[in-house]
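Nothing fancy with the numbering, it's 1 onward along the sequence.
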Amino acid sequence: MSDWLSTAKDLAGTVAPLLIVAGWLVNNRWNNERDERKELRAEIDRLRKALEQIEADALHFHTAERFDAALIAKIHTQVRRFGYEFARLPPPAGGDPGLRRFTELRKAITRTNVDAETFAAQPPDSHIPSTIMANVDTLMQSLHKAAGEGLSEPRRR
């Protein structure tokens with residue numbers, strides 16, 4: 001009987017620290033996953049705000065009465081930087097059209113009606129503003145989809 005008790009005590013002395021370490025590892029992994037989700041959420045929120053600003057500036061530029069060289073230069077910079085940041089997001093499953101729509105948004109903003117000589121104020125319901133708004137809506141959906149995939153992943157146990 002004493003052999004069994006001494007073996008049980010030795011085993012308990014070994015198992016308890018292993019359980020503590022295993023518990024710490026699991027907890028650490030869950031905390032790391034939570035932090036990654038928080039970072040993704042913050043990045044997507046920042047991109048969403050940048051996209052809203054691009055849309056506002058682009059619509060203002062294309063519907064303005066006069067050509068504004070400083071504003072179109074600012075928009076070009078905003079679009080370029082947004083593209084770099086958007087491309088850094090993890091690719092969504094299922095073939096999201098986000099990058100294709102970003103290209104279409106960039107073209108809608110910067111390919112037509114951007115020369116001082118040919119600039120013409122666009123009515124809010126014309127092709128250029130409508131295309132900008134439609135592509136922004138699709139990009140917003142892509143951002144929400146990226147957020148949903150990154151935020152709702154089940155814990156791996």
Side-chain angles (χ1 to χ4, degrees), residues 18-157:
L18 290 176
L19 285 175
I20 291 170
V21 170
W24 178 84
L25 288 172
V26 168
N27 193 34
N28 185 52
R29 181 174 177 182
W30 288 348
N31 284 336
N32 288 344
E33 288 174 358
R34 186 189 70 230
D35 288 345
E36 287 174 9
R37 288 190 307 270
K38 284 169 129 180
E39 290 170 7
L40 178 61
R41 216 179 0 248
E43 180 69 15
I44 287 172
D45 191 45
R46 193 178 63 72
L47 286 173
R48 183 187 55 76
K49 289 177 183 174
L51 187 58
E52 288 171 350
Q53 186 62 50
I54 290 170
E55 179 183 33
D57 288 346
L59 292 175
H60 177 73
F61 173 79
H62 285 290
T63 58
E65 292 298 318
R66 287 188 224 158
F67 180 81
D68 186 343
L71 183 56
I72 194 62
K74 175 185 172 188
I75 293 168
H76 276 282
T77 301
Q78 290 172 323
V79 169
R80 187 180 67 248
R81 289 180 181 161
F82 179 84
Y84 296 149
E85 297 298 318
F86 186 72
R88 289 181 49 218
L89 286 177
D96 181 61
L99 286 175
R100 182 176 52 83
R101 284 297 185 155
F102 170 71
T103 302
E104 291 175 18
L105 173 65
R106 183 175 39 92
K107 288 178 184 176
I109 293 172
T110 62
R111 290 265 171 109
T112 309
N113 201 38
V114 293
D115 294 325
E117 298 84 32
T118 60
F119 178 82
Q122 302 293 307
D125 61 345
S126 68
H127 177 70
I128 293 173
S130 297
T131 303
I132 291 169
M133 289 185 289
N135 284 301
V136 165
D137 288 345
T138 301
L139 284 170
M140 286 290 192
Q141 290 171 4
S142 296
L143 289 174
H144 289 296
K145 185 176 180 181
E149 287 181 2
L151 300 178
S152 63
E153 286 183 5
R155 288 187 175 156
R156 297 182 259 342
R157 296 179 189 215

T131 OG1 to M133 CE distance, which is reported to the nearest 0.5 Å | 9.0 Å
Heavy-atom closest pair (N135 atom, L105 atom, distance to 0.1 Å) is CB-CB, 3.7 Å
With rounding to the nearest 0.5 Å, note down the distance linking CG in L71 to CZ in R66.
-> 14.0 Å
R46/E43 under salt bridge (Lys or Arg N to Asp or Glu O under 4.0 Å): CA gap, chis, key distance, verdict = CA-CA 5 Å; R46 193 178 63 72; E43 180 69 15; 2.8 Å; yes
Could you state the interatomic distance from CG (L59) to CD1 (I132), rounded to the nearest 0.5 Å?
-> 5.0 Å
Quick one: sort the F67 and F119 rings into parallel, tilted or perpendicular, breaks at 30° and 60°.
-> perpendicular
Decide yes or no on side chain to side chain contact (heavy atoms under 4.5 Å, CB included) for R88 and Y84, but give the supporting numbers first.
-> CA-CA 7 Å; R88 289 181 49 218; Y84 296 149; 5.9 Å; no
For D45 and R41, run salt bridge (Lys or Arg N to Asp or Glu O under 4.0 Å): C-alpha distance rounded to whole Å, both residues' side-chain angles, the deciding distance at 0.1 Å, then the answer.
-> CA-CA 6 Å; D45 191 45; R41 216 179 0 248; over 6 Å; no
Does a side-chain heavy-atom distance below 4.5 Å link R80 with R106?
-> no
Heavy-atom closest pair (P124 atom, P129 atom, distance to 0.1 Å) is O-CB, 3.4 Å
Start with the C-alpha gap between H76 and I109, add the side-chain angles, then the distance that decides, and say whether side chain to side chain contact (heavy atoms under 4.5 Å, CB included) holds.
-> CA-CA 9 Å; H76 276 282; I109 293 172; over 6 Å; no
Determine, stepwise, if the pair F86 / L51 fulfils side chain to side chain contact (heavy atoms under 4.5 Å, CB included).
-> CA-CA 10 Å; F86 186 72; L51 187 58; over 6 Å; no
Above 12 or not: heavy atoms from other molecules or residues under 6.0 Å from CZ of R81?
-> no
Rounded to the nearest 0.5 Å, how far does CD1 of I72 lie from OG1 of T77?
-> 10.0 Å
Quick one: do the R34 and N31 side chains pair a donor with an acceptor below 3.5 Å?
-> yes
Nearest 0.5 Å please: distance from the NE2 atom of H127 over to the CD atom of Q122.
-> 9.5 Å
Nearest-0.5 Å distance that lies between atom CG in L143 and atom OG1 in T138 = 11.0 Å
Closest heavy-atom pair, L47 versus F82, reported as atoms and distance to 0.1 Å, is O-CE1, 3.4 Å
